[in-house]
Amino acid sequence: MSEVLPQSFYARDALEVAPQLLGKLLCRDGVVLRISEVEAYCHPDDTASHCRMGRTARNAPMWGPPGHAYVYLCYGLHQMLNLVTNREGEGAAVLIRSCEPVAGHDIIRARRGGIEGPNALTGPGKVGAALGLHTRCSGSPLFDANDLYVLDAPEPREWLVGPRVGIGYATPEHQRAPWRFALHESPWVTQRKTLTRVSAGASRTRKARAR
DNA sequence: TCTACGATCTTT
DNA sequence: AAGATCGTAGAT
């Protein structure tokens, strides 16, 4: 049986947590989704991050302790789910962009207006809809199996990496930053063309070399 | 208060 | 290529 991810799982850099979230199971109210695509929003100096303008009522959960949800409304329609990482006061989170449905297909179908297949869960707005999320969920903890939580699963050995989506307002460097991660074997991924394959070993080597 | 604009998705 | 749709942030 897989365990609920403990708060300590999230208490690391968003860039480290993000690829490790791939394959993990997002659960709420009978719906189970396998995480297939994520994006890291690393720190307040990340000009693509909601934390770039400092602490506000909306982004408060991002500045709070790790292992909590940050849900916000995008384009007046979409409930976007982020998982808060790092330590309290650091302002970082991982956006869940796409998932593969594992259980609760009937509920998902109802919430998604009958749309099925990979197209039903590729894109962060669709993930929020499938889980029935609302900005009211923002700030709720993820490390108890109560409402919304994540089950552990084996870490993938390789994945896709590339630039984040929909952040044209950020600096060119941050637009270019390869902070989006996806399961290479999954159809539940957006904008595949801009992603390239790397292995967990290569990622660790790069990190080691950088320090 | 007022205004502009989104970490999007659907339809044309 | 553009409309939906509304809370948020920054300006007034």
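Note that the coordinates shown come from a computational prediction; the quantities given were computed from them, not determined experimentally.
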Cut-off 3.5 Å, side chains only: do E37(A) and T190(A) have a donor facing an acceptor? yes
Do NZ/NE/NH1/NH2 and the carboxylate oxygens of R52(A) and D46(A) come within less than 4.0 Å? no
Electrostatic pair R111(A)-D29(A), nearest N-O below 4.0 angstrom: yes
Rounded to the nearest 0.5 Å, how far apart are CE of M62(A) and CG of N86(A)? 9.0 Å
Side chains of S8(A) and F143(A): does their closest heavy-atom pair fall under 4.5 Å? no
dA2(C) and dC5(B), which share atom name P, separated by this distance in whole Å: 16 Å
So with a 6.0 Å cut-off around CZ of R192(A), is the heavy-atom count from everything else above 12? yes
What stems involve DNA chain C, if each pair must be Watson-Crick or G-U and both of its distances must be under 3.5 Å, with 3 or more such pairs in a row? B:1-6 with C:6-11, B:8-11 with C:1-4
To the nearest angstrom, how far is Q79(A) atom CD from dC6(C) atom P? 11 Å
Measure across T122(A) and P187(A) and return the closest heavy-atom pair with its distance rounded to 0.1 Å. CG2-O, 4.0 Å
Point-to-point distance, once rounded to the nearest 0.5 Å, from CG of L142(A) to CG of L83(A): 5.5 Å
With a non-hydrogen cut-off below 4.0 angstrom, is I167(A) in contact with a base, only sugar-phosphate, or nothing? sugar-phosphate
Nearest 0.5 Å, what's the CZ-CZ distance between R164(A) and R180(A)? 11.0 Å
H78(A) NE2 - dT5(C) P separation (whole Å): 11 Å
Which of residues 45-56 of chain A sit near DNA chain B, with a heavy atom under 4.0 Å from it? A48(A), H50(A)
Here the pair of heavy atoms bringing A170(A) nearest to H174(A) is CB-CB, 4.1 Å
Is it the case that the side chains of S186(A) and R34(A) hold a donor-acceptor pair, with the cut-off being a distance below 3.5 Å and no angle test? no
Taking the nucleotide of DNA chain C with the nearest heavy atom to each, does N59(A) or Y75(A) sit closer to the 5' end? Y75(A)
Between T135(A) and C74(A), just flag the one whose closest nucleotide in DNA chain C comes earlier from the 5' side. C74(A)
For DNA chain B, whose closest nucleotide is more 5', that of R112(A) or that of L73(A)? L73(A)
Can you give the first and last nucleotides of DNA chain B, 5' to 3', that have an atom under 4.0 Å from a heavy atom of chain A? dG6(B) to dT10(B)
Checking all strands, does L77(A) fall into the base, sugar-phosphate, or nothing category for heavy-atom contacts under 4.0 angstrom? base
Considering every strand and a 4.0 Å limit on heavy-atom distances, what is the contact class for R164(A): base, sugar-phosphate, or nothing? nothing
Indicate, with a heavy-atom threshold strictly under 4.0 Å, whether R180(A) touches base, sugar-phosphate, or nothing. nothing
